[in-house]
A.B. asks: 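Quick one: this structure, given as structure tokens, is what I'll be asking you about.
Just so we're clear, the structure is a prediction, and the values are computed from it rather than from any experiment.
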Amino acid sequence: MDSLPLLADHPYASFLDQVEKPARYAGGEVGSVVKDWASVEARVCLAFPDVYDIGMSHLGFKILYKLLNDDPRTLAERCYTPWVDMEAQLVKRGLPLVSLESARPLRDFDVVGFSLQFELTYSNILTMLHLGGVPLRSADRGEDDPIVIAGGPTATHPEPIAPFLDAIVIGDGEEKATEVALAWARLKREGVPRRERLVAIARLGAVYVPSLYATRLDPDTGFEVVDRPLASGIPFPIERALVDLNKYPFPDESPTGGPEAIFDRMSIEIARGCTEGCRFCQAGMIYRPVRERDPEQIVDTVMRAVQRSGQDEVSLTALSTADVSCISPLIKKVTERLTAERISLGVSSLRAYGLEPDLLDELKRVRATGLTFAPEAGSQRMRDVVNKNVTEEQLLETAERVFSRGWGKMKLYFMIGLPTETDEDVRGIVETGARAAGAGRRAAGKGKPVDVTVSVSTHVPKPHTPFQWAAMDTLGEVGRKQRLLKDTVRPYRAVTLKTHEAHVSVLEGIFARGDRPLADVLERAWRHGARFDSWEDKLDLAVWEEAFTHVGVDREKYLGTLPVTARLPWDHIDVGLEEGFLAKEYRKALQSRLSPPCGKVAGTFVHHTNLDDAKADARRLVCYDCGVACDMTQMREERLTFLDRLGAHRRSLPVLTDAGAAPPAAAAGPSGAPASDGGAERESVGGAERESVAATEPKSGDDREPSRAEGEAPHRARRIAPAPKGRGGFRYRFRFEKAGPMALLGHLDVVRELPRVLRRVGAPMTYTAGFHPKPDMTFSPALSLGVISLDEYVDLRLERDLDPAALDALVAAMSAASPRGLVFSGAVKLGPEDPSLSKLIAGARYALAFARSAIGGDAEALLAARCSAALSAASLPIRREIDRLAKMVDVRQYLVRAEVGGPEVHAALARAGLVGDLVALEVEVDIRGSGAVKSSEVAAVITGEPGEAPGAITPPPHRAVRLQLFGRTSPAGSAAGERFSLFDLERARRVKPAPERTAALPLAADAE
């Protein structure tokens, strides 16, 4: 049943309350950009084929969003895949999928651009096109339809999704995004036919237009491969775009807020590409050469991003951050700048082995609970096969260093199903973990905790890697190896084994090495319900089984060994590698031969961390002629320049010299969602050595990312300034309003937002003392989702002593720095004698607004009679269910007053954004230390049909507005006494709290 709209003119406003996390669809975040459509030449919708919570963390989206919106000729808006409940609502109501910024359907844009991060998000692309009013297939689109374009790592092998895309950008998108958008919009305005527009786009270079190329069957494999162009002047093969990163500084501002993103932090890309050459890793091959951002630019970006976003965590990201030439001094420099701001520093994909002790010491100083890295294979032979340049001795040395510095946990990532793997190699995975645990126990000392988690995923052969020709293990073989792992781990109590669902990997493997006929399978599966296939709890294998059978596609041909001489479905995409290079590496793998990392001196694990050592080492850098043109002389000079700019002139001594030094407090990360990647970053040490580093893989069983639910935060650390004596700081009470999109956020999201607002305006908060310091603040009782409030409060401590004028200026600045719908309306300074909110709040007034048509007849008279009956009742029971636990609540015990609202109430409703032919109730309820009643429960017992069972009472569609929170001059919890404002400190000081109010007000929804 629909409620009154919360968001003016938004097509979803009346039913957002009925879906999970409605703020996913509301927009209004800080950093979002709304431009005048008439003022630009081209309008781009950046469409991410996964849920908002994941897409908000994607680095590529942040880059393109800023780049397109900074250009006065273009605008960019965002759209994410609606969760299944929202899709059902849109289908039921015949409504289109719209963008967050202007609520425009996808079909209204000039360009709809998808990010291809992971093969199992393809079904979500079809969902978004269908709901957005865009024909699914390129061949079915008309002259006025937008161009559907895509980019990202999976764009390098796009044939299964190609029939649904008009164009695909190969390589870096920074230059191409604007160029393609402007060219398409200009040609469309000039009346150029659609096919000719596509030819013009293809001629721009680094753009693959599938409809302009013929295909044929390859006799060696039976694959359908791209054979030749069908238009003159278009490239074949299609070469990738490559940009100078320093010409495109990483954005220091992007949309921030809304429901908590899975990786809720400000991520900064510090380099693109990887030197290590792991043979299973697609990202390490397609993003060559390594390009590092200027460290001074990085530090400046980090500090500006912290101030503009207000986030309390920054992550430095790269495919393998340990192999960024200046990573050690860069971490130290950033840490120094962030210390005073109480900002956590995260470093993704930072493998532990090979790092110098002083960097481990620095990481320990900034507090991290565990280190994570990826040996990938359980024997030295297999590590040589995959070109993992690490020895058993180095792994054990790393374990010793880690546990001797007070860490209690270590995660090791491995794969099964690698080429030439034997059962001995599989057992070696567990045995390697056990040896690491043994080294850790000896280093940690008696009684210290040592926990080694061995996480094992299934290898998926990826295009453009040396293993692209290798067979993938069958489901039966994967199951057998997983059972072997479980049998092997039983004697090792210090080792925790985790394995992943293999069905997901097999489907990924089929689409990774797939050709165009798979498009029919994809569409068939989608039409029969395939959604969010990368989420294990959503993957419906029966749907896919039926689709493969119906279309008549043989899955086995995509999973078996491929001839090295055969033409493959992705060979028309040139990622810059020399012909024959991958085959040479494949042959070396089968012979268990290593190729040393490029761009380093042979045998070197990490780059020199100081200028003196770097200058003294004149040995040649390794280059094994992969086909990417690298200037080794320039590379060496650039590294010297970066070290000089960071002031890393001489080797520094380790921060900690005592191996038995007491560990600092363990870090606590916020709770997470299903383990999933945040786009271009990989939140695991050693994650860059995976083939899917740059891919978004929201698989609930994939714990290559640290599980926040387990309280782990590898390399994510909060530097703690010395705690002040006592609670410190100066106490203030702020009043604010929560309407529009903010009314669709849960209480914890609001709690998370306030410190960000204060950081944006430069008003430092004080922190609680203890094991996990947090901003010192106390909120008024939580509201249910969708309830508007014109009178909310928070008590908090700031480091500054502000006079009334400065406090008023701060209030205004906070409103300007807040998301849409969050408005601060006042503040007062509190003294030591002023009681807290939890001791003052005695009740609340609400307006319950109904559409007159929903009540019928003489609405005012009917509601007045219902109010009278409710107040005359001895009890008003209703059933409340929270987390599947039910209890009966007597609303009458809390209900103080209920009457039909007059002009003052209607004026308040208009201020809250609720207009129309409305009738309203004004109700007053008690709020006690033992609990409270929800506005929806009051509405139900007053307006529900008489005689209904307590658990079945349903009020007519309505919207609740909290008009006022107040104290009473009598003890809290008593209906007697005069109400007073929570800003009336004189009367507040005279209130004596009731004995039952011994604890702060609960923060759950039932505190309303």
Side-chain angles (χ1 to χ4, degrees), residues 44-51 54-55 57-65 78-81 106 111-129 132 134 136-138 147-174 176-177 180 206-210 226 238 240-241 272 282-283 285-287 460 462-465 507-516 518-519 522-523 526 530 532-534 569-570 572-573 575 676-682 690-699:
V44 180
C45 181
L46 297 175
F48 195 86
D50 214 319
V51 72
I54 292 173
S57 304
H58 184 249
L59 299 189
F61 252 42
K62 295 180 180 182
I63 292 171
L64 295 180
Y65 187 83
R78 296 163 296 135
C79 187
Y80 305 92
T81 307
L106 271 61
V111 180
V112 176
F114 284 98
S115 178
L116 300 183
Q117 294 297 312
F118 184 43
E119 294 85 354
L120 296 192
T121 61
Y122 289 168
S123 60
N124 289 348
I125 292 176
L126 303 195
T127 298
M128 296 181 76
L129 290 174
V134 181
L136 288 186
R137 298 205 176 220
S138 175
I147 183 173
V148 178
I149 195 165
T154 309
T156 61
H157 50 282
E159 290 307 293
I161 193 72
F164 305 101
L165 303 175
D166 293 310
I168 301 164
V169 172
I170 309 300
D172 298 330
E174 283 88 344
K176 290 297 171 184
V180 169
V207 180
Y208 169 45
V209 179
V226 176
I238 300 92
R240 63 177 177 157
R272 197 172 295 177
Q282 185 189 69
M285 297 293 168
I286 67 175
Y287 288 119
V460 177
K462 290 282 183 159
H464 305 293
T465 71
L507 191 59
E508 176 188 350
I510 292 171
F511 276 88
R513 299 204 296 188
D515 53 3
R516 286 198 193 180
L518 284 178
L522 171 62
E523 184 173 350
W526 172 79
F532 291 98
D533 300 295
S534 56
W570 52 89
H572 59 292
I573 305 295
V575 297
S676 54
D677 192 63
E681 69 173 296
R682 187 70 169 177
R690 293 275 289 163
E691 71 264 291
S692 52
V693 170
T696 297
E697 302 181 61
K699 296 174 282 188

A.B. asks: In terms of relative ring orientation, are F61 and F48 parallel, tilted or perpendicular, with 30° and 60° separating the classes?
C.D. replies: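 Ring orientation of F61 relative to F48: perpendicular.
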A.B. asks: Do L522 and F511 make a side-chain contact, defined as non-hydrogen atoms from C-beta onward lying under 4.5 Å apart?
C.D. replies: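 They are in side-chain contact.
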A.B. asks: For the side chain of Q282 and the backbone of P463, is there at least one donor-acceptor N/O pair under 3.5 Å apart?
C.D. replies: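 Present.
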A.B. asks: Please round to the nearest 0.5 Å and tell me the distance separating atom CG of L518 and atom CD1 of I510.
C.D. replies: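 L518 atom CG to I510 atom CD1 measures 7.5 Å (nearest 0.5 Å).
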A.B. asks: Take W570 and T156 through the side chain to side chain donor-acceptor pair (under 3.5 Å) test and state the conclusion after the steps.
C.D. replies: CA-CA 7 Å; W570 52 89; T156 61; over 6 Å; no
A.B. asks: Which pair of non-hydrogen atoms, one from A167 and one from I147, has the smallest distance, and what is that distance?
C.D. replies: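 Here A167 and I147 meet closest at CB-CD1, 4.2 Å.
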A.B. asks: Taking all non-hydrogen atoms of both residues into account, name the closest pair between C79 and L106 and its distance.
C.D. replies: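 That closest heavy-atom pairing would be SG-CD1, 3.7 Å.
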A.B. asks: Check whether any side-chain N or O of D166 sits under 3.5 Å from a backbone N or O of I149 as a donor-acceptor pair, and report yes or no.
C.D. replies: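 No; judged by distance alone, with no hydrogens or angles, the pair does not exist.
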A.B. asks: To the nearest 0.5 Å, what is the distance between CG on L64 and CG on L59?
C.D. replies: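 Here the interatomic distance stands at 11.0 Å.
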A.B. asks: To the nearest 0.5 Å, what is the distance between OG1 on T81 and CD1 on I54?
C.D. replies: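 The CD1 atom of I54 is 9.5 Å from OG1 of T81, to the nearest 0.5 Å.
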A.B. asks: If I compare all heavy atoms of K176 with all of A206, which pair ends up nearest, and what's the gap?
C.D. replies: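 Where K176 meets A206 most closely, the heavy atoms are CE-CB, 3.8 Å.
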A.B. asks: Determine whether Y122 and L116 make a side-chain contact, defined as any pair of heavy atoms from C-beta on separated by less than 4.5 Å.
C.D. replies: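 In contact.
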A.B. asks: Judged by atom type as modelled, is there a donor-acceptor pair below 3.5 Å linking the side chain of R240 to the main-chain atoms of V575?
C.D. replies: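 The answer is yes, because a donor-acceptor pair under 3.5 Å joins these two groups.
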A.B. asks: Would you call E119 and R513 a salt bridge, taking side-chain N to carboxylate O under 4.0 Å as the test?
C.D. replies: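 Salt bridge absent between E119 and R513.
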A.B. asks: Any side-chain heavy atom of P153 sitting closer than 4.5 Å to one from Y287?
C.D. replies: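 The answer is yes; the side chains approach within 4.5 Å.
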A.B. asks: Between F164 and V148, does a side chain to side chain contact (heavy atoms under 4.5 Å, CB included) hold up when you go through it step by step?
C.D. replies: CA-CA 8 Å; F164 305 101; V148 178; over 6 Å; no
A.B. asks: So how far is it from D533 CG to N124 CG, rounded to the nearest 0.5 Å?
C.D. replies: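 Answer for the CG-CG pair, D533 versus N124, is 7.0 Å.
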A.B. asks: Is there a side-chain contact between D172 and R272 in this structure, where contact means two heavy atoms from C-beta onward sitting under 4.5 Å apart?
C.D. replies: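 Of all side-chain heavy-atom pairs linking R272 with D172, at least one is under 4.5 Å.
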A.B. asks: Which atom names give the shortest non-hydrogen contact between L136 and L126, and what distance separates them?
C.D. replies: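 Smallest interatomic distance, heavy atoms only, reads CD2-O, 3.5 Å.
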A.B. asks: Is any side-chain heavy atom of E523 less than 4.5 Å from a side-chain heavy atom of P163?
C.D. replies: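 Not touching, per the 4.5 Å side-chain cut-off.
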A.B. asks: Minimum heavy-atom separation for F532 to S123, with atom names?
C.D. replies: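 Residues F532 and S123, closest heavy atoms: N-OG, 4.0 Å.
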A.B. asks: Side-chain contact test, heavy atoms from C-beta onward, threshold under 4.5 Å: evaluate it for I238 versus I168 and give yes or no.
C.D. replies: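 Result no, sub-4.5 Å side-chain heavy-atom pair not found.
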A.B. asks: Could you pull out the closest heavy-atom pair between G514 and E159, with the gap in Å?
C.D. replies: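 In terms of heavy atoms, the two residues are closest at O-CB, 3.9 Å.
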A.B. asks: Would you check if P569 and H157 make a side-chain contact, meaning some heavy-atom pair closer than 4.5 Å?
C.D. replies: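 No, their side chains stay 4.5 Å or more apart.
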A.B. asks: How many angstroms lie between CE in M128 and CZ in F114, if you round to the nearest 0.5 Å?
C.D. replies: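 Going from CE on M128 over to CZ on F114, the span is 5.0 Å.
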A.B. asks: Within this structure, what is the CG-CG distance for the pair L129 and L165, rounded to the nearest 0.5 Å?
C.D. replies: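 Answer rounded to 0.5 Å: 8.0 Å.
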